[in-house]
Each structure stands twice: as C-alpha cells, then as structure tokens.
Amino acid sequence: MRHYYDNNFWPEKIESTQDEMTLRFLEDHLVMIPMEPRRAGCSVVEGKDITPEKVKALADAADACWKAILAHDLDAFAAAYRASFEAQIAMFPGMVNPSINGVIEPIRRA
C-alpha cells in the first residue's frame, strides 16, 4: 500500500496492488528479523530534525520504492528501501540505538 499525504495526519489517497506477481516479488525478497523491544522510556521523536529537504528525501525514496516494487526491480527496491530508512533516521535519530545498529550493520556491510 502506498499512502499519499498533503500536510495532514490522515492520507489523502491510498493506492494498493493485488497483482500476484508483485505480491510474490515482495514475499520472495522481504525478510522480517526479530529484534529486541525498544528500551523503556525511548522516544523516537526526541531529537527530531524535520526539514523540507529531509521530508523531500523521504518522499522521493518512497516514490522510488513504490516504482521499484511495481517494476519487480530488486536492485532499485533495495536502494530505495535503504534511502527511505536513512531519510527516516535523518529526521528521527531516536529510531535507532546500539541494539538496532548491531542488527543492521552486518547486513549493511553485506
């Protein structure tokens, strides 16, 4: 599902696909990795740094991710997924901590 926002909390529009090959593409390439729960008192919004440039970077990454999913382009999907994560943590550095980084870093180096 893709959500379209226009300066509101709720999405203005939601786009989805039921295409079997697209769903299979995602099933074949997404893996959930169990991680520790966030530490007590953790606030992902603490230290937030939301700027128009960072919001645009996230929106651009999300757009690229959706296009790559629909095109079944694994390399483009991986690049956009990473760009999306990096755009999110640029705005919300509290999303990550040493425990999360310990899981991500070995994958990032691969």
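Along the sequence shown, residues are numbered consecutively beginning with 1.
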Would a single hydrophobic cluster contain both [Y] and [X], if residues Ile, Leu, Val, Met, Phe, Trp and Tyr are joined by side-chain heavy-atom contacts under 4.5 Å?
X     : Y     : answer
Ile69 : Leu23 : no
Val44 : Leu58 : yes
Tyr5  : Met1  : no

Taking all heavy atoms of [X] and all of [Y], pick out the closest pair and write down the distance.
X      : Y      : value
Thr17  : Asp19  : OG1-N, 3.1 Å
Ala57  : Ala87  : C-CB, 4.0 Å
Ile50  : Met91  : CG2-SD, 4.1 Å
Lys48  : Pro93  : CA-CD, 4.4 Å
Trp66  : Glu15  : NE1-OE2, 3.4 Å
Gly102 : Pro106 : O-CD, 3.2 Å

Using a strict 4.0 Å threshold on nitrogen-to-oxygen distance, state whether Arg2 and Asp63 make a salt bridge.
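Answer for the salt bridge query: yes.
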- Message: I'd like to know whether Val103 forms a side-chain contact (heavy atoms from CB on, under 4.5 Å) with Ile100, so could you lay out the CA-CA distance, the side-chain angles of the two residues, the decisive distance to 0.1 Å, and finally the verdict.
- Response: CA-CA 5 Å; Val103 173; Ile100 293 170; 5.9 Å; no
How long is the span from the [atom1] atom in [X] to the [atom2] atom in [Y], to the nearest 0.5 Å?
X     : Y     : atom1 : atom2 : result
Leu70 : Thr22 : CG    : OG1   : 5.5 Å
Phe77 : His72 : CZ    : NE2   : 11.5 Å
Met95 : Cys42 : CE    : SG    : 10.0 Å
Asp49 : Ile89 : CG    : CD1   : 12.5 Å

- Message: So for atom CZ, which belongs to Phe85, do other residues, nucleotides or ligands contribute more than 12 heavy atoms lying within a distance under 6.0 Å?
- Response: yes
Name each donor-acceptor pair under 3.5 Å that joins a side chain in residues 24-37 to protein atoms two or more places apart or in another chain, with its distance.
unit_1, atom_1, unit_2, atom_2, d
Arg24, NH2, Glu20, OE2, 3.2

